[in-house]
Each structure stands twice: as C-alpha cells, then as structure tokens.
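First the structure, in the form of structure tokens, and then the observations on it.
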Amino acid sequence: MTARNGDGSTPIVYVEELSGHVGEGVVIRGWVAGTRSSGKIKFLIVRDGTGLVQGVVTPSADKETFRLAEELPLEAAVKVKGTVSADDRAPGGVELAVEHVTPVHIPNEEYPIAPKEHGVGFLMQRRHLWIRGQKQMPLLRLRDGALWAMRAFFKERRFIATEAPILVSTSVEGTTTLFTVDYFGRPAYLSQSGQLYLEATCAALGKAYWIGPVFRAEKSKTRRHLTEFWMLEAEMAYLEHEENLQLQEDLVRHVVEYVTQEHRRELEVLGRDPQVLMDEVEGPFARVSYADAVEIVRSAGVEMEYGQDLGAPAEDALSEHFRRPVFVERFPVSIKPFYMKRCADEPGVALCADLIAPEGYGEIIGGSQRVDDQQELEKQLREAGLAEEPYQWYVDLRRWGSVPHSGFGLGVERTVAWLSGIHHLRETIPFPRMIDRLDP
RNA sequence: UCCCCGGUAGCUCAACAGGCAGAGCGGCUGGCUGUUAACCAGUAGGCUGGAGGUUCGAAUCCUCCCCGGGGAGCCA
C-alpha cells in the first residue's frame with residue numbers, strides 16, 4: 001500500500017525506497033539534517049529515519065519554497081515534494097529535485113547538536129536528540145537487525161519465546177549487587193537474570209528463550225558495563241554441555257550472517273567491514289580450558305593467578321591470541337554460580353563455558369549445564385552460602401522429572417558493539433543506564 | 001569503591017615559567033547555480049565549574065566541594 005499526499009496524487013515514500021522511484025514525483029516526510037547554499041541553488045539534506053537524501057532547490061521551485069530552503073534551521077520538520085533523480089554526485093545515488101517544501105514545525109531555537117565535534121558528556125546529556133545523529137541512527141537499526149536475527153534463529157529451531165519476571169525476591173547468583181525496590185512494604189529486587197525461571201519454563205516447554213532487561217547495581221564504570229542491559233537467555237531440556245556450545249555457536253554465526261547480509265548499509269556508515277566479521281565466524285569457534293587460558297594470558301604478559309576470574313586485560317589477551325570467538329571452558333567452581341553442574345572427571349571445575357568475542361569486545365555469552373540432582377543442588381546452595389528457603393521452588397524442579405539441561409545468556413549490547421565495531425556499550429542502546437546516568 | 005585525566009564563548013580547544021582571555025566551528029548579516037563537515041567577507045558572543053587561600057597581580061599555584069571523561073575490580 002502506498003500512502004498518498006494531501007492532493008491525492010503524489011505518493012509518500014521513505015528515503016530507503018527512493019531508488020525505486022527514479023523519474024517520479026514523491027513526497028518525503030522528515031527532518032532537516034543540513035542545509036547548504038550556493039546562491040541561486042540550495043541544498044537541503046532531509047532524513048526520515050530510513051536514510052538521508054539531498055534535496056536540490058533551484059528557482060524553478062515556488063518562491064516560498066526557495067526562500068524557506070535558505071531559512072530552515074536544523075531539525076525543522078518538513079514534507080518535501082519533488083522528483084527523484086539518479087545522480088552520481090549524490091551519496092546513495094539519488095537526490096530529489098524539490099518542487100515544494102511544506103513546513104510542519106520550524107524550531108525557534110538553535111539545535112544544540114551541531115554537525116561538528118562534541119564531547120561524550122555533552123552528547124549523553126542530550127541523548128534524546130543524539131539518537132537522531134547520522135551514526136546513532138544506523139546503530140539502532142543494526143541493533144534491531146541483531147535482535148530480529150536472534151528471534152528468527154530460535155523460531156526456526158522451535159524454541160518458545162517466553163518471559164521471566166523483572167521483580168524478584170531473590171538473587172540468581174548471590175554475589176551480584178541488586179537494585180532494591182519497595183514492594184508493598186517488603187524488599188524486592190530488579191532481576192539480574194531470568195535464568196532460574198527459564199529453567200522452570202524449559203521443563204514445561206522443552207525449549208525456551210527470552211529477551212529482556214536485566215539489572216546490575218555494580219558500580220562499574222567502564223565501556224563494557226551498563227546497569228540496565230538486555231539479555232537473551234535460552235534454556236533447553238535434555239541439552240548437554242557439548243550441544244549447548246554448538247547451539248551458541250550456531251546462534252552467533254547466524255546473527256553475523258544475517259547482519260552482514262541485511263545491514264551492509266548500516267555497517268558501511270559505521271565504518272565496519274562486514275568481511276572482518278564473516279572471517280571471524282568462518283570455521284569452528286576456538287575452544288580452550290580455563291587452565292590453558294590462564295597460561296595463554298600469562299604468556300601474553302598479563303598477570304593472573306589460577307582461580308581468578310578473567311579480567312578485561314585477560315579477555316583482550318585471549319581475543320588477540322585466537323582472533324575469533326573463543327569458548328573458555330571448565331572454570332573453577334569457586335568463581336562460578338551455584339547452579340552449574342560440575343565436570344564428572346574433575347569436580348573442582350564447572351561444566352560451563354564463556355564465549356569471548358574477538359577484537360576485545362569481551363565476554364558476550366556465559367553458559368553452562370545446570371545441576372540436575374536435588375542433593376547436589378542443595379549442597380551447592382549451602383556451599384555458596386545462600387539461604388535455601390527462597391530457592392525451594394527452584395529445588396522443586398529437581399524433585400519431579402529432573403533431566404539434564406543447559407542454557408546460556410547472551411549480552412545484547414556487547415554483541416551489538418562487536419557487530420558494529422562501536423567502542424562503548426552506551427551507544428548500542430537508545431537510553432543507556434550507567435552509574436552516573438539516569439537521564440534522559 | 002579505588003586510581004588517572006579534565007572543567008575557559010553555544011561546541012571543540014589554545015593561552016610558555018603567575019602579567020591585556022584567543023582561535024576554529026556553530027549563530028547572525030551579506031556574496032556565490034552543484035554543494036558534500038562547501039567556500040568568501042563581516043559581526044555578536046566570557047563572573048575561565050563553585051567556595052576559600054597564597055600573591056602587587058590567578059584561567060594558571062594550594063585546599064575543599066561539585067560535575068564530566070578514561071580505567072580497575074565485578075560481570076553480559
């Protein structure tokens with residue numbers, strides 16, 4: 001269905017569709033992203049959320065339009081009627097010979113974000129406007145593509161999309177700092193993970209996943225942390241460790257393939273070479289045990305003791321060493337949560353793996369096979385120093401029809417950062433929440 | 001929570017060793033029929049984050065506070 005303009009004759013189209021309308025009259029509805037003038041010829045850059053197009057205004061347009069073209073400030077809202085023409089000089093290959101501009105809203109004040117350099121603090125305070133930027137826009141579109149690819153992957157594999165609660169009464173991992181809220185007079189917490197609930201759900205549905213926000217009250221202050229971020233968590237009954245890794249690998253490869261095929265334009269604007277991503281997921285992902293990883297990290301000159309978790313410098317050393325996604329398996333149980341099953345051949349290590357992204361983007365997946373034996377689970381709860389009472393429902397899952405099962409959680413923002421080549425997580429989500437950033 | 005760096009025009013920054021507070025961009029005015037962060041000419045724009053202190057004199061040195069950035073730990 002093609003929308004029609006007020007006069008009933010001119011089709012309203014989006015910038016991304018313009019190449020299919022060369023030679024035709026169209027109306028673009030959008031915002032002014034820039035103006036230039038060279039006397040009797042004026043240029044109007046218009047964006048509409050799907051892309052940017054240059055409108056060319058000459059004296060052949062009506063008088064009012066010709067005058068407006070010079071005066072329109074940044075971010076004026078306009079409807080632009082014109083004829084689409086192919087032009088090699090235009091970025092994107094097409095431009096618009098403007099016949100008429102209808103102003104929808106003309107700002108009275110100067111737009112605070114000039115098309116010039118700005119500091120991050122300045123831009124973050126104006127995040128609600130910054131997202132209109134020519135790099136932010138494709139980044140958010142890329143995020144959409146990545147999430148879409150994840151959902152399509154699971155749909156195709158017959159996983160059921162489900163939900164986990166955000167308000168919870170207990171911690172999943174015991175160690176992480178939680179946000180507390182008042183829940184009718186008693187404390188509740190914002191969930192840091194939906195995993196325990198996914199374990200329950202997968203015993204009902206067989207294969208389940210969810211994509212939702214999770215919260216960490218850690219006072220992290222780095223480019224790899226947000227206090228509110230989105231996690232994709234999947235859990236599958238009868239899935240064992242090896243198959244779990246294969247599932248994760250298939251998922252990540254699918255997302256990369258989808259994004260490099262369907263979002264080439266966005267990647268190009270972001271300066272991200274799709275070939276780099278494709279090369280990284282070509283062939284099986286690397287695998288290394290935690291113990292061997294420690295040796296690799298040390299030989300790269302990074303200080304690390306066996307028993308310490310992988311810090312950022314350690315992760316960077318590993319991604320530099322393997323230059324492709326790498327699963328780090330068999331972590332010491334002391335640095336992993338209580339619900340992980342232990343390796344049969346070595347009870348001191350967990351049947352788990354973290355997936356480290358290439359190029360220093362850090363851990364994008366953490367997963368494991370879960371404890372399926374009731375006594376074992378109760379023992380590990382005690383060893384973790386957690387109260388058993390709040391976890392009774394979780395223990396129940398081992399009481400009736402307990403089966404081997406595994407799952408994982410993927411950090412959406414870290415994945416998008418890797419895909420897009422963006423350095424800092426804050427740009428991969430529309431309105432990031434960080435230790436010192438609650439507005440806008 | 002800890003460590004490091006910073007706060008000067010709307011923005012990005014300069015101002016030697018304590019001595020008249022500047023530039024580019026943006027804005028505004030004018031010029032230009034193919035500009036790509038256009039270009040050319042002109043113009044306005046400042047309580048140097050706040051409070052104390054040292055000094056003849058502080059954007060500059062000292063103390064405290066506030067705000068921003070980078071990193072660590074923790075994690076996705």
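Quick note on labels: first sequence line is chain A, next is B, and so on, each numbered from 1. Keep in mind that the numbers below use all heavy atoms, side chains included, and drop hydrogens, waters and symmetry copies. Since this is a predicted model, take the numbers as computed values, not measurements.
Remark: the separation of the P atoms in C4(B) and G46(B) is 36 Å, to the nearest Å. Spacing of P atoms, U1(B) relative to G19(B), comes out at 38 Å, to the nearest Å. Taking atom C1' in both A9(B) and A21(B), the straight-line distance is 10 Å, to the nearest Å. Using P as the reference atom, C5(B) and C75(B) are 29 Å apart when rounded to the nearest Å. G71(B) and A14(B) are spaced 27 Å apart, taking the C1' atom of each and rounding to whole Å. Nucleotides G27(B) and G70(B) place their P atoms 28 Å apart, quoted to the nearest Å. C67(B) sits 26 Å from G24(B) when the C1' atoms are compared, rounded to a whole Å. Straight-line distance between the P atoms of C16(B) and G52(B): roughly 26 Å, to the nearest whole Å.
For E427(A), there are no salt bridge (Lys or Arg N to Asp or Glu O under 4.0 Å) partners, not counting sequence neighbours. Every residue two or more places apart in sequence or in another chain was checked for a ring-ring contact (aromatic ring centres under 6.0 Å, His included) with F43(A), and none qualifies. Considering only residues two or more places apart in sequence or on other chains, F122(A) meets the ring-ring contact (aromatic ring centres under 6.0 Å, His included) condition with H118(A).
The nearest whole Å value for the distance from the CE atom in M340(A) to the P atom in C75(B) is 10 Å. In this structure, the NZ atom of K221(A) is 9 Å from the C1' atom of G71(B), given to the nearest Å. Atom CG of L123(A) and atom P of U12(B) are 8 Å apart (whole Å). Rounded to whole angstrom, the span from the CH2 atom of W418(A) across to the P atom of A76(B) amounts to 18 Å. Taking atom NE2 of H118(A) as the reference point, atom P of C13(B) lies 11 Å away to the nearest angstrom. Here the P atom of nucleotide A76(B) and the CH2 atom of W210(A) are 15 Å apart, to the nearest Å. In this structure, I356(A) atom CD1 and C75(B) atom C1' are separated by 11 Å, rounded to whole Å. Between the CE atom of M434(A) and the C1' atom of C74(B) there is a distance of 17 Å, given to the nearest Å.
Within 4.0 Å (heavy atoms only), G34(A) reaches no atom of the nucleic acid at all. Residue R426(A) is classed as a sugar-phosphate contact, given heavy-atom separations below 4.0 Å to backbone atoms only. Within 4.0 Å (heavy atoms only), G362(A) reaches no atom of the nucleic acid at all.
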Once Watson-Crick and G-U wobble pairs under 3.5 Å are found, how is RNA chain B written in dot-bracket notation, 5' to 3', with | for any base paired to another strand? (((((((..((((.....[..)))).(((((.......))))).....(((((..]....))))))))))))....

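Remark on RNA chain B: of its neighbouring residues E363(A) and M124(A), the 5'-side contact belongs to M124(A), judged by nearest-heavy-atom nucleotide. Residue-to-nucleotide proximity on RNA chain B shows that, of H424(A) and L410(A), the 5′-proximal contact is made by H424(A).
Within the 3.5 Å criterion, the main-chain N or O of G407(A) finds a donor-acceptor partner in the side chain of N244(A). Side-chain atoms of T83(A) do not come within 3.5 Å of backbone N or O of A97(A) as any donor-acceptor pair. With hydrogens and angles ignored, the 3.5 Å screen pairs a side-chain donor or acceptor of E17(A) with a backbone N or O of Y14(A).
Looking at E95(A), its side chain comes within 3.5 Å of the base of G34(B) through a donor and an acceptor atom. Judged by distance alone, with hydrogens and angles left aside, R414(A) brings a side-chain donor or acceptor within reach of the base of C75(B), the pair sitting under 3.5 Å. One N or O donor and one acceptor, one from the side chain of H225(A) and one from the base of C75(B), sit under 3.5 Å apart. Between the base of C74(B) and the side chain of S220(A) there is a donor-acceptor pair shorter than 3.5 Å.
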For nucleotides 25-33 of chain B, read 5' to 3', which letter fits each nucleotide if B means a protein heavy atom sits under 4.0 Å from the base, S means only the sugar-phosphate is that close, and - means neither? SSS----BB

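In the set U35(B), G73(B), A76(B), the nucleotide with an atom closest to the side chain of L226(A) is A76(B). Of the candidates A76(B), C74(B), U35(B), the closest approach to any side-chain atom of L425(A) belongs to A76(B). When distances are taken from the side chain of F122(A) to each of G69(B), U12(B), C75(B), the shortest belongs to U12(B). Minimum atom distance to the side chain of P313(A) is reached by G73(B), of the listed C75(B), G34(B), G73(B). Distance from the side chain of E315(A) is smallest for C75(B) among the nucleotides U35(B), C75(B), A76(B). Comparing atom distances between the D309(A) side chain and each of G70(B), G34(B), C75(B) picks out C75(B) as nearest.
Within the structure, a side-chain polar atom (N or O) of R437(A) is placed less than 4.0 Å from OP1 or OP2 of G69(B). Contact annotation: R223(A) side-chain N/O to G71(B) OP1/OP2 distance is under 4.0 Å.
In this structure, H254(A) and F153(A) have tilted ring planes: the angle between them lies in the 30° to 60° band.
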Expected list for residues 226-236 of chain A: side-chain donor-acceptor pairs under 3.5 angstrom, two or more places apart:
residue	atom	partner	partner atom	Å
T227(A)	OG1	R433(A)	O	3.0
E233(A)	OE1	G194(A)	N	2.6
E233(A)	OE1	W210(A)	NE1	2.8
E233(A)	OE2	S193(A)	OG	2.7
E235(A)	OE1	R370(A)	NE	3.4
E235(A)	OE1	R370(A)	NH2	2.9
E235(A)	OE2	R370(A)	NE	2.8

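To the nearest 0.5 Å, the span separating OG on S191(A) from CG on L196(A) amounts to 8.0 Å.
A donor-acceptor contact closer than 3.5 angstrom links the side chains of Q195(A) and Y339(A). Judged by distance alone, the side chains of H241(A) and E329(A) do bring a donor and an acceptor atom under 3.5 Å apart.
In this structure, F229(A) counts as stacked on the base of A76(B) under the 5.5 Å centre distance and 30° plane angle limits.
The existence of a salt bridge linking R298(A) and D292(A) is excluded, since no basic side-chain nitrogen approaches an acidic carboxylate oxygen closer than 4.0 Å.
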